[in-house]
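Numbers for residues simply follow the sequence, beginning at 1.
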Amino acid sequence: MSFTESGEHKELRATLRELEDKFRPSKADQRERTDQFDSSCLQKEMFFTACPASLLLNPDVEYDRKKGSTYPEFKSTDPIHRRPIDCANNLIAYLSSYITANDIGSETKFSATSWSSISLSEGPFRNLDEYEHPEFGVTSAIGVRNFSHPHVKAMIYNGLEGRDGQLLRGEITLALRIIRAQARWRRLFEHMTVPVLLFSFMGPQHARIVEAYFDGEWLVMRPTRLFDLRDKNETLIKCFGQWYFGEPIGETREPLQS
């Protein structure tokens, strides 16, 4: 198989670089387009599917007891540790533990066989994070095994409080950086669309899922509504798990029509 990069693909990567520059703090021009994901987290699939809920563990009291997990209830957190970035990372830690518990499949006989971890310390995915206020970054990312699809899923944090219907610059910037990073792999040069699914965590203690892709003209961002996780929501945690373990779908080799 040839991994020669076409002129069209080179132009795509150049456009992505230019677009990212437009979202730097000193820039005012923004070109994101937002559509609304169904807030049930189970409909309007475009590039990702959700796995059946029956395949996953129930993150209930009994689950926490067996796994030795403690949900980070906001009201129980010391006020000095309620910064948006702290609460975002607390949620990520709990969800990551839940993902791991399902991935080993000892009780559900389920494993994320389609996905594998992406190194954030080497290769194209280095230096995704931003440490100046407002801080944002990627804690983990997964891609499809054997590069059969260009899809990426990532857990990200933002050091700001979120608002429903309003994307944070960190979400937009990280979507662009992840798309650019994935598009650099030679084995994916034949793909003109790189779909990204962000599990985005922010303050006060909120989260949403954002599907993002570049359609050749626009950066399209499809967020769910912003979910309040200051109190434990077992259904929502499981819903996030369903999207995390779901399969990649959609046409990515041909340019999208705007």
Side-chain angles (χ1 to χ4, degrees), residues 34-60 63 69 71 88 91-118 138-146 148-157 162 164-165 167 171 174-175 178-179 182 191 193-202 206-213 215 220-229 232-252 256:
T34 62
D35 299 315
Q36 196 71 19
F37 234 165
D38 188 273
S39 60
S40 69
C41 291
L42 296 173
Q43 299 179 21
K44 296 186 68 174
E45 300 164 344
M46 187 161 185
F47 288 108
F48 298 90
T49 63
C51 80
S54 59
L55 294 178
L56 302 183
L57 299 169
N58 293 319
D60 51 19
Y63 162 85
S69 299
Y71 186 80
L91 283 177
I92 289 174
Y94 186 86
L95 183 60
S96 296
S97 176
Y98 176 67
I99 294 299
T100 300
N102 281 281
D103 198 19
I104 61 176
S106 58
E107 295 161 77
T108 59
K109 308 302 181 186
F110 179 73
S111 181
T113 56
S114 297
W115 303 90
S116 60
S117 297
I118 294 174
V138 180
T139 62
S140 64
I142 56 175
V144 179
R145 294 183 189 275
N146 303 321
S148 59
H149 296 75
H151 302 53
V152 178
K153 299 178 184 181
M155 292 194 190
I156 70 171
Y157 64 88
D164 204 17
L167 292 169
E171 293 173 304
L174 289 174
I178 291 170
I179 292 171
Q182 186 74 337
H191 296 273
T193 303
V194 176
V196 173
L197 198 66
L198 301 176
F199 296 81
S200 181
F201 300 86
M202 64 204 73
H206 288 59
R208 60 183 159 215
I209 301 174
V210 184
E211 182 184 60
Y213 59 91
D215 69 2
V220 182
M221 307 282 286
R222 301 180 61 233
T224 64
R225 67 180 176 88
L226 190 63
F227 297 105
D228 187 341
L229 285 166
K232 187 177 182 181
N233 184 325
E234 295 172 10
T235 300
L236 187 57
I237 293 167
K238 193 170 188 178
C239 180
F240 273 46
Q242 288 177 254
W243 282 100
Y244 189 89
F245 287 115
E247 297 297 317
I249 59 172
E251 173 56 52
T252 56
L256 294 173

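- The side-chain contact (heavy atoms from CB on, under 4.5 Å) search around A154 returns V138, A141, I156, I178, L198, not counting sequence neighbours.
- With sequence neighbours excluded, no residue forms a side-chain hydrogen bond (donor to acceptor under 3.5 Å, both in side chains) with N233.
- With sequence neighbours excluded, the residues forming a side-chain contact (heavy atoms from CB on, under 4.5 Å) with H206 are M202, P204, L226, D228, R230, listed by chain and number.
- From Y213, atom OH reaches atom NE2 of H151 across 11.5 Å, with rounding to the nearest 0.5 Å.
- Side chains of D215 and T193 form no contact here, defined as non-hydrogen atoms less than 4.5 Å apart.
- Taking all atoms of both residues into account, the shortest heavy-atom contact from V152 to I118 is CG1-CD1, 4.1 Å.
- Of all heavy-atom pairs spanning P150 and Q182, the tightest one is O-NE2, 3.1 Å.
- Not one N or O on the side chain of Q242 forms a donor-acceptor pair closer than 3.5 Å with the backbone of P52.
- Under the 3.5 Å distance criterion, the side-chain polar atoms of W115 are left unmatched by any main-chain donor or acceptor of E247.
- When the ring-ring contact (aromatic ring centres under 6.0 Å, His included) test is applied to F199, the partners found at least two apart in sequence or on another chain are Y244.
- The closest side-chain heavy-atom distance from P195 to E211 is not below 4.5 Å.
- The CG atom of N102 sits 4.5 Å away from the CG atom of L56 when rounded to the nearest 0.5 Å.
- Remark: A93 engages no residue in a side-chain contact (heavy atoms from CB on, under 4.5 Å) (not counting sequence neighbours).
- Looking at F240 and F227, their side chains come closer than 4.5 Å, going by heavy atoms from C-beta outward.
- For the pair T224 (side chain) and I209 (backbone), a donor-acceptor distance under 3.5 Å is present.
- Residues that satisfy the side-chain hydrogen bond (donor to acceptor under 3.5 Å, both in side chains) test with Y71, not counting sequence neighbours, are absent from this structure.
- For S69, the side-chain contact (heavy atoms from CB on, under 4.5 Å) criterion is met by Y63, D64, K67, Y94, S97, not counting sequence neighbours.
- Listed by chain and number, the residues in a side-chain hydrogen bond (donor to acceptor under 3.5 Å, both in side chains) with T252 are H191 (sequence neighbours excluded).
- Under the rule for a salt bridge (charged side-chain N to carboxylate O under 4.0 Å, His left out), D60 has no partner lying at least two apart in sequence or in another chain.
- Between L167 and R208 the shortest side-chain heavy-atom distance falls below 4.5 Å.
- A donor-acceptor contact shorter than 3.5 Å links the side chain of K232 to the backbone of P59.
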